[in-house]
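Written below as structure tokens is the structure these notes are about.
Nothing fancy with the numbering, it's 1 onward along the sequence. Just follow the structure's listing: the first ligand is 1, and inside any ligand the first atom is 1.
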Amino acid sequence: MVSKKRQPLIAWLTLIAIAALPLTTTAQTQIKYHSNRFSVQDDVKLGRQAAQEAEQQFPLLNDEQVRGFVESVGRRLVNAIPQQFQHPEFNYYFKVVNARDINAFALPGGPMYVNRGMIEAAKTEGEMAGVMAHELSHVALRHGTAQATKSQKYGTLAAIAGIAGAIVTRNPGVGQLAQAPFAVYLLKFSREYETEADVLGAQIMARAGYDPRDLANMFRTLEQQGGGGGGFLSDHPSPSDRYVRIDREAQMLRVESANVQRDSRDFARIQERLHGYPRAPTMAEIAQNGQRYPVGESTSYPNSVPTGRVEYPSSRYQSVSIFGNGVQVSVPSNWRQLNESNSVWFVPEGGYGQVNGQPVFTHGVNFGVAQTNSRNLQQATNELINSLAQGNSSLRTSGGYQRTTISGRQGLWTSLSNVNEATGRPENIKLITAQLRNGQLFYMIAVAPQSERNFESAFQNVLRSLRIND
Ligand SMILES: [Zn+2]
């Protein structure tokens, strides 16, 4: 049952590589650490905590090609961090947030989050790398804990957990985010720290084989895209000051030429791929809606009708986190996870396939979140059933609603019947719904052929294990 639209296929774009790097001198500005009462391990610990929270609040883009590309740029920059600012304890990693604002932030100890809007706005790979190099510099220089040391605000470690630098944003609404939970991640650094991150960022760029002036160019791009007014930008050194400063540093740097000739088609391909996704929400919209569920690449399905021959659900269960840790659930260990663009399936082998380009399922559970007009649980559930019935004409409710409890909150249990469009066999569907705090409707759909009762106890176990952290 349940067919869903797939992402459109991506058209590939070709661009011409640009290389203009006549840089010769080797002097460069010396940068030193600021005093810091925290240990390097504290940076790691704080960053890890903050990353967990960030991932509950930001919708990640689950697209391994895009993330992998950002990671490859990030690795190249990390490897170019000067020796004295390298920390073997740090664990740099890179994730993409499905948000429109042109922004990126990094947390102490290494986690970095790059907004999709930033990747889309950058004119070149170098411009994107520039923002990342700036953010990496805050991390390498341990600016978060240095600032906490200076401002004497250290009480508990958790109180300063959200220490990061957001380099740039064109969203004037960021000021409003001060009350939003993740405002803490957008903590501002002093101008001195910002300048240091620009300077070290330029040095890292050059060492990695990028033109450091691309970091400066990104400020131009930003201004062109409507930045400049209000909000975060106004609290920072003006983009033109930063441009001048970075450009001056760039003249002192020698670009490592080994990797300079990089194929710009890779970056064009990633941008084109992103254009194929629905419009990303802004941070302000994310804050308002409490949206924090990942969207992105669908799993690919075998191009065949499901066999319907499946193993019994294993009596061993494994615990998994889905929706950016928003939901935890235990599922039989012989089921596999399949990500759709807005929902997640757990299915046994043989219980899924593809018919006429649409994924179809005969056995398994599906978790998702729906936007409904009603805040009344039963009415919202009816809206969901109606939308499911549009893609499944044989879907019928069979029996009324039963109240149940899901992760400590009120839930509804609805039984439905259907005829599977792929196999033609009658199937039972359980729909379990509950409201999230932001008003959206969380649902679990469990499906199995009517003749196979052995799945029911597995469904019950899955439901009992469900934990929603909203
Ligand atoms: Zn910064």
statement: Per residue Glu194, nearest N, O or S atom to the Zn ion (ligand 1) is named OE1
message: Strictly under 2.8 Å, is the Zn ion (ligand 1) approached by any N, O or S atom of His143?
response: no
- request: Give, rounded to 10 degrees, the angle between NE2 (His138) and NE2 (His134) as seen from the Zn ion (ligand 1).
  value: 100°
Geometric cation-pi criterion Arg142 and Phe90, 6.0 Å radius, 45° cone: no
task: Compare all side-chain heavy atoms of Tyr443 with those of Leu384 and state whether any distance is below 4.5 angstrom.
output: yes
Mutual orientation of the aromatic rings belonging to Phe346 and Phe367 [parallel < 30°, tilted 30-60°, perpendicular > 60°]: perpendicular
query: Between Thr29 and Glu249, does any side-chain donor sit less than 3.5 Å from a side-chain acceptor?
result: yes
